[in-house]
**Q** 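First, the structure itself, so that you have it in front of you.
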Protein chains: 4
Amino acid sequence: MRADAARNRALLLAAAEAAFAEHGLDVSVADIAQRAGIGKGTVFRHFPTKEDLLAEVMLDRVHALTGTGERLLTAEDPGAALLEFLTLAADRQQQHDLSVLRDAPAVNERLAGARIRMFGLIDALVDRAREAGAIRTDVTGTDVALLMCAPGHVAAFAPHGGPDLWRRYLAIIFDGLRPEGARPLPVRAPSLG
Amino acid sequence: MRADAARNRALLLAAAEAAFAEHGLDVSVADIAQRAGIGKGTVFRHFPTKEDLLAEVMLDRVHALTGTGERLLTAEDPGAALLEFLTLAADRQQQHDLSVLRDAPAVNERLAGARIRMFGLIDALVDRAREAGAIRTDVTGTDVALLMCAPGHVAAFAPHGGPDLWRRYLAIIFDGLRPEGARPLPVRAPSLG
Amino acid sequence: MRADAARNRALLLAAAEAAFAEHGLDVSVADIAQRAGIGKGTVFRHFPTKEDLLAEVMLDRVHALTGTGERLLTAEDPGAALLEFLTLAADRQQQHDLSVLRDAPAVNERLAGARIRMFGLIDALVDRAREAGAIRTDVTGTDVALLMCAPGHVAAFAPHGGPDLWRRYLAIIFDGLRPEGARPLPVRAPSLG
Amino acid sequence: MRADAARNRALLLAAAEAAFAEHGLDVSVADIAQRAGIGKGTVFRHFPTKEDLLAEVMLDRVHALTGTGERLLTAEDPGAALLEFLTLAADRQQQHDLSVLRDAPAVNERLAGARIRMFGLIDALVDRAREAGAIRTDVTGTDVALLMCAPGHVAAFAPHGGPDLWRRYLAIIFDGLRPEGARPLPVRAPSLG
DNA sequence: TATGAATGAGCATTCATTCAT
DNA sequence: TATGAATGAATGCTCATTCAT
């Protein structure tokens with residue numbers, strides 16, 4: 001890839017990430033292009049559809065998170081490792097949520113694969129934490145995968161919240177996973193098929 | 001208001017609530033009008049903009065929730081009362097989230113007022129629960145108001161989740177509020193000004 | 001239909017007919033709308049896609065032609081009747097050709113039906129003419145249906161041709177159908193499946 | 001011109017001819033370039049606009065046809081020679097029509113020149129045939145030049161027609177030129193100015 | 001010189017909103 | 001008053017053409 005094309009691609013992805021984060025999926029491609037300082041047509045040269053651009057943005061997030069998270073599999077304290085992973089996740093996700101992942105399989109094979117890999121990682125982290133007695137026994141990896149975005153989402157509701165507010169809600173939610181005094185959860189855990 | 005106008009208004013609000021719930025904010029006014037069995041122009045006669053229509057739908061939800069919730073202020077068990085309120089909230093909210101409320105002041109004075117009233121109620125319920133030792137001491141009403149939508153939002157992520165899945169995540173989050181073994185929360189609680 | 005809507009629809013169809021005739025299928029909907037003196041959105045209110053608009057234009061042509069042509073089925077002189085039909089066809093078609101009809105079935109059920117009816121008419125006219133000895137025996141209705149547009153198309157080639165030039169080429173082509181001195185045609189006649 | 005440039009030019013023209021024939025004038029330059037196995041920029045190095053590329057393709061066709069046709073000027077049977085020329089023309093033109101020639105003067109001086117030369121040839125062939133009594137007296141070279149594309153065009157209408165169907169319509173049209181029993185043509189013959 | 005990256009005008013289509021009936 | 005016709009700005013996307021590498 002030519003140097004200038006690579007530069008434009010990077011500018012584009014950065015602009016897209018910021019734009020999706022600020023305005024959600026409804027930002028126009030034209031806006032993203034302008035933010036990136038490139039022409040509209042250039043966006044489509046790099047990504048054939050807007051959806052593909054979004055998928056790439058998500059893919060980058062998911063890859064980075066999974067890569068970092070996999071190192072936590074060998075951490076000494078499984079409970080702390082899980083919390084660390086959720087902290088990383090919420091930090092990255094602070095800007096915009098992962099809800100696109102729900103429809104990942106329909107969007108893009110690579111994104112679907114990245115999702116599977118990340119969910120596998122989460123399952124492993126949760127299993128280790130459960131076996132170590134750090135979290136309640138009736139919580140599954142899928143539960144945690146679903147809860148993962150909640151801190152950022154909750155914090156986004158607060159109009160005057162600082163950029164670290166999500167830490168507060170992650171603490172509450174993670175406390176909800178602790179085993180002491182936990183009563184059995186209602187409703188069966190979902191699968192992520 | 002003439003009888004038929006009132007009837008149309010009711011049809012319209014019901015249709016809008018259902019439509020927003022099913023398809024999010026992107027439903028077209030034309031779809032809503034068709035669902036309601038009225039003309040598109042009639043929608044704009046009742047509400048000058050689509051946003052105003054949405055505000056009214058939210059207003060109804062908030063009013064109903066607040067009305068029911070206020071009866072819980074005199075319940076015997078303040079902890080159970082708070083849980084009951086959150087259950088009511090998540091149940092109603094199961095269909096579509098309250099994120100519009102974040103921008104309520106900019107949208108509509110009445111909606112802003114309803115929000116203030118609901119947040120006052122939540123503050124009171126939380127205060128009672130805290131004083132009764134049912135929840136951790138460092139949680140505020142604002143925290144709970146922000147967390148209120150999380151169960152529905154988290155459950156909406158699960159592609160194969162049943163309609164009651166939110167109960168599972170409400171249980172986890174509510175357990176995160178219990179006082180036993182809770183460590184102090186990081187980051188200051190936000191204000192909702 | 002409201003009076004103003006009907007007026008706009010008529011303006012639109014007239015503008016579309018003229019525009020398609022002058023510039024082929026590549027005229028933009030915006031151009032057609034401007035020609036008609038209506039807004040772009042109005043075009044799509046009347047016809048959901050550009051293709052549907054084109055189909056309607058064609059449908060009008062085909063209906064008018066078939067309606068007029070069916071009266072010729074009872075004319076005294078079958079050869080003259082066929083020539084008269086081809087004259088009508090070329091006259092109408094002078095402006096733009098019927099090639100859309102080739103793909104009619106894929107476009108629109110009504111258009112497909114109109115095509116079938118017109119081809120039935122042509123078959124009947126040709127059969128009568130053949131039985132009367134007015135045209136060569138090895139020419140089919142399908143041949144004539146295909147040849148029908150040729151005079152207009154040929155005349156359109158001449159940059160300085162007058163508006164009646166097609167008559168000259170219709171005369172030549174019709175003379176090619178006469179039985180006297182005709183040698184058997186090569187290649188089997190096609191079907192119009 | 002360097003050898004590789006000449007090779008690219010040849011590849012490009014062959015690809016363009018095939019592409020225009022298959023998909024009409026709407027093929028994109030990118031498609032043509034890919035077919036030719038060269039870069040898009042190279043196309044524009046050889047031909048400043050897409051129209052110029054098309055003109056060159058046409059020029060080749062016209063040159064080849066004229067070159068072959070000029071040998072027919074000395075054939076023994078002038079009527080058979082004209083038919084042979086029209087057969088050659090339709091065969092070449094089977095793939096895509098010569099309608100671009102109508103606007104040749106505006107497009108390209110060389111193309112305009114080629115057209116003049118070809119029309120001169122046609123005039124000569126027609127004159128010989130007329131003098132030999134092989135065709136009706138009131139048909140001009142211009143008439144034949146205009147009719148030349150009709151067989152291919154008519155055959156292209158038939159969705160299920162074989163690749164030789166044009167022969168059938170050439171036979172009919174050529175029969176329309178025969179002198180026996182011909183009635184005088186209406187409308188003056190056009191000039192091709 | 002050849003390449004393909006970049007560009008932006010142009011296209012069909014949607015939709016909130018206005019307005020004539 | 002209720003309707004739905006009309007409107008045009010905005011959107012995702014294509015493509016001939018230009019230009020940096």
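Everything quoted here is computed from the prediction, not taken from an experiment.
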**Q** dT21(F), OP1 or OP2 - any side-chain N/O from R2(A) closer than 4.0 Å?
**A** no
**Q** Report the residue (R9(A) or G37(D)) whose heavy-atom-nearest nucleotide on DNA chain E is the more 5′ of the two.
**A** G37(D)
**Q** Quick one: does L111(C)'s side chain get under 4.5 Å of R115(C)'s, heavy atoms only?
**A** no
**Q** Could you list the residues that satisfy side chain to side chain donor-acceptor pair (under 3.5 Å) with D60(D), not counting sequence neighbours?
**A** none
**Q** Rounding to a whole Å, what distance do you find between L11(D):CG and dT3(E):P?
**A** 11 Å
**Q** How would you list, by chain and number, every residue that makes a side-chain contact (heavy atoms from CB on, under 4.5 Å) with Q34(B), sequence neighbours excluded?
**A** none
**Q** If the condition is side-chain contact (heavy atoms from CB on, under 4.5 Å), which residues does R7(C) pass it with, not counting sequence neighbours?
**A** L11(C)
**Q** Convert the base pairs of DNA chain F into dot-bracket notation, remembering that pairs crossing earlier ones are written with [ ] and that bases paired across to another strand are shown as |; include only Watson-Crick or G-U pairs under 3.5 Å.
**A** .||||||||||||||||||||
**Q** Quick check: on DNA chain E, is the nucleotide nearest T42(D) upstream (toward 5') of the one nearest A5(A), or the reverse? Name the residue that is more 5'.
**A** T42(D)
**Q** According to salt bridge (Lys or Arg N to Asp or Glu O under 4.0 Å), who are the partners of D4(B), at least two apart in sequence or on a separate chain?
**A** R2(B)
**Q** Rounded to the nearest 0.5 Å, what separates atom CD in E17(C) from atom CZ in R35(C)?
**A** 11.0 Å
**Q** Quick one: does F47(B)'s side chain get under 4.5 Å of L13(B)'s, heavy atoms only?
**A** yes
**Q** Could you tell me the separation between the CZ atom of R7(D) and the C1' atom of dT1(E), rounded to a whole number of Å?
**A** 14 Å
**Q** Looking at H46(D), I'd like to know whether one of its side-chain N or O atoms comes within less than 4.0 Å of OP1 or OP2 on dT1(E).
**A** no
**Q** Mind listing the N/O atom pairs, protein and nucleotides 12-16 of chain E, below 3.5 Å?
**A**
| residue | atom | partner | partner atom | Å |
| --- | --- | --- | --- | --- |
| dA12(E) | OP1 | K50(C) | NZ | 2.6 |
| dA12(E) | OP2 | V29(C) | N | 2.9 |
| dT13(E) | OP2 | K50(C) | N | 2.8 |
| dT13(E) | O4 | K40(C) | NZ | 3.3 |
| dA16(E) | OP1 | K50(B) | NZ | 2.9 |
| dA16(E) | OP2 | V29(B) | N | 2.8 |

**Q** State, yes or no, whether a side-chain contact exists between D52(A) and T49(A) at a heavy-atom distance under 4.5 Å.
**A** yes
